[in-house]
Amino acid sequence: MSELPAKNKSSIVLVACIMFNLTIGVLYAWSVLTSWLTAPLAEGGFGWSASQAGLPFSIAVITLATAMLVGGRIQDRIGPRWVVTAGGALAGLGIILCGLVGNSVAGITVSFGVIAATGMGFGYGSVTPPALKWFHPGQKGLISGLIVGGFGLSAVYFSPLTNALLERFGIETTFFILGSGIFIISTSCAQFVRNPPAGHVPPAPARLKQAVKAAPAADFLWKEMFRTKRFWLMFAMFLFVSSTGLMIIGNVSRIAQLQAGIGEAAVLAMLASLLALMNTLGRVIGGQMSDKIGRINTLFVTFALQMANMAFFAFYQSLAGIILGIIIVGFGFGALLSVMPALCADQFGLKNFGLNYGILFLAWGLSGFIAPIMANVMYDTTGSFATAYAVCAAALAVMLLLNFLLKKDIGKRSAA
């Protein structure tokens, strides 16, 4: 790769990062696996309870967020190539082990929820920093959106692929096939994920040629970042807004059945795919929006849409209404996941980005335990998600206020 022009090198790195994330997104196939794990033994399943089948996924969410922090710190020090390679290898081996441990809740929880999720976190946290360094700062939103969009887009093909493999080969062989494919493809892509050479100055795109050159962001250590007001505002926004998105993502089929009486498997699968697609589009389009109208303005637009959506979600009593709700939730959730890394790089620099964003991303790991659990408790109590929607709408109104405070804090820093 050393003989290629810088423009070609940056494109290769970007494609490799996107392909890597496309490969390790097996996390999104867990909902398909759950239906087989809970199926009776006589029907080829493992006969697990719903709580047993959900345990590996819950552990995986926590592990992924924690491993992302650790992997980001390591890649800040030694570069991304070997960290991403280790991530792909662990993700693949963890899934392979799921097929070897047999019908064991503990075995699959450790294999998927700890080993494979550690690999996903290492890789996911180490592909964005090098890609951002190859491109102009005015493209941070677009580049981060394309990379995290790869992880979101994986849901579009992983779910049907996993289902087809399960129907033909059963659970154990499916794990082995998926793990082998992930291992081979992800570790191959990882070899092209590298930092630019020292002194690399990325050229500005044509649309940014006339733009006023912004002062480079100061490179904050994590301790310095902790002492800033804007970090805690960003953390709170990330935590509560992503929690609202995960609440709908985790219950979309149940909501469609409860509110609109939709029971056809094909329609429910279509809704899940639509949610995944909008999640991906939100990551790419939201990132581009943030480059054009600003990170804070993009967050304001998506938060306001999400707040209105939650306020009206209980009234979506038809397929069209559910589709509208899913489109807004998916887009807003995806946009958040592309704007936050770009905003983190803007405010705290790229030198320690791996560790700094890894710490900020812990908010996503914690978000799976707030609105989703609250929604399930309220559903068990009332038989409806209406109260959960109202609570989320109120929380999003508070997030709009925090967004205003963040804009004010950033304005003070810029003036200084």
Side-chain angles (χ1 to χ4, degrees), residues 17 19-38 45-46 48 52-75 80-127 148 150-152 154-155 157-159 161-163 165-166 169-191 193 358 361-362 364-365 368:
C17 292
M19 289 298 298
F20 180 88
N21 271 354
L22 268 170
T23 306
I24 65 166
V26 69
L27 189 71
Y28 286 110
W30 193 255
S31 60
V32 176
L33 287 160
T34 296
S35 63
W36 285 73
L37 293 172
T38 55
F46 279 180
W48 290 10
Q52 288 174 324
L55 182 61
F57 181 84
S58 298
I59 298 298
V61 170
I62 302 170
T63 304
L64 190 154
T66 306
M68 183 175 164
L69 189 158
V70 176
R73 177 59 171 166
I74 297 172
Q75 77 85 36
R81 182 184 174 193
W82 293 114
V83 183
V84 177
T85 300
L90 285 171
L93 289 173
I95 303 301
I96 290 172
L97 281 173
C98 287
L100 298 178
V101 297
N103 189 351
S104 167
V105 176
I108 291 181
T109 297
V110 171
S111 299
F112 184 87
V114 179
I115 299 174
T118 296
M120 293 178 214
F122 272 24
Y124 187 82
S126 300
V127 290
V148 300
F151 197 78
S154 61
Y157 80 89
F158 253 123
S159 292
L161 171 62
T162 302
N163 193 58
L165 290 172
L166 286 166
F169 299 107
I171 299 174
E172 292 164 329
T173 304
T174 293
F175 275 132
F176 188 82
I177 293 172
L178 288 175
S180 300
I182 290 168
F183 182 94
I184 294 169
I185 299 173
S186 64
T187 54
S188 299
C189 292
Q191 306 317 303
V193 180
F361 194 76
L362 286 174
W364 181 86

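This one's a predicted model, so the numbers in the text were calculated from it and none came from an experiment. FYI, the numbering just counts along the sequence from 1.
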Q: Check step by step if side chain to side chain contact (heavy atoms under 4.5 Å, CB included) holds for W364 and L64.
A: CA-CA 10 Å; W364 181 86; L64 190 154; 4.2 Å; yes
(Q) As a quick check of understanding, evaluate side chain to side chain contact (heavy atoms under 4.5 Å, CB included) for V26 and M120, giving each step before the final call. (A) CA-CA 9 Å; V26 69; M120 293 178 214; 3.4 Å; yes
Q. Where do I171 and F46 land on the side chain to side chain contact (heavy atoms under 4.5 Å, CB included) test, with the steps shown first?
A. CA-CA 9 Å; I171 299 174; F46 279 180; 3.8 Å; yes
Q.
As a quick check of understanding, evaluate side chain to side chain contact (heavy atoms under 4.5 Å, CB included) for F112 and I95, giving each step before the final call.
A. CA-CA 6 Å; F112 184 87; I95 303 301; 3.4 Å; yes
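Among all heavy-atom pairs drawn from T23 and G181, the shortest one is CG2-O, 4.5 Å. When all heavy atoms of E172 and G102 are compared, the closest pair comes out as OE2-CA, 3.3 Å. The nearest pair of heavy atoms linking A117 to A67 is O-CB, 4.4 Å. Shown here for P80 and Q75, the closest heavy-atom pair between the two residues is CB-OE1, 3.8 Å. Across every non-hydrogen atom of S126 and G71, the tightest pair is OG-O, 3.5 Å. The nearest pair of heavy atoms linking V61 to G365 is CG1-O, 3.8 Å.
Heavy atoms of other residues, nucleotides or ligands lying less than 6.0 angstrom from CZ of F176 number 12 at most.
Atom-to-atom distance recorded for I184:CD1 and C189:SG is 12.0 Å, nearest 0.5 angstrom. T174 OG1 to N163 CG: the interatomic distance, rounded to the nearest 0.5 Å, is 9.5 Å. W36 contributes atom CH2, which lies 15.0 Å from atom CH2 of W48 (distance to the nearest 0.5 angstrom). Atom SG of residue C17 and atom CE of residue M19 lie 12.0 Å apart, to the nearest 0.5 angstrom. Rounding to the nearest 0.5 angstrom, the gap separating the CG atom in L97 from the OG atom in S104 is 11.5 Å. Atom CZ of F122 and atom OG1 of T85 lie 12.5 Å apart (nearest 0.5 Å).
Within the 3.5 Å criterion, the main-chain N or O of I24 finds no donor-acceptor partner in the side chain of Y124.
A 4.5 Å side-chain heavy-atom check between F158 and L178 finds at least one atom pair inside the cut-off. The shortest side-chain heavy-atom distance between L27 and F57 falls under the 4.5 Å cut-off. You'll find the side chain of V84 reaches within 4.5 Å of the side chain of F20, heavy atoms only. For the pair L33 and L166, the minimum side-chain heavy-atom distance is below 4.5 Å. Contact annotation: the side chain of S180 approaches that of I96 to within less than 4.5 Å [non-hydrogen atoms, C-beta and beyond]. Looking only at side-chain heavy atoms (C-beta outward), L69 and F361 stay at 4.5 Å or farther from each other.
Residues passing the side chain to side chain donor-acceptor pair (under 3.5 Å) test with T187, sequence neighbours excluded: none.
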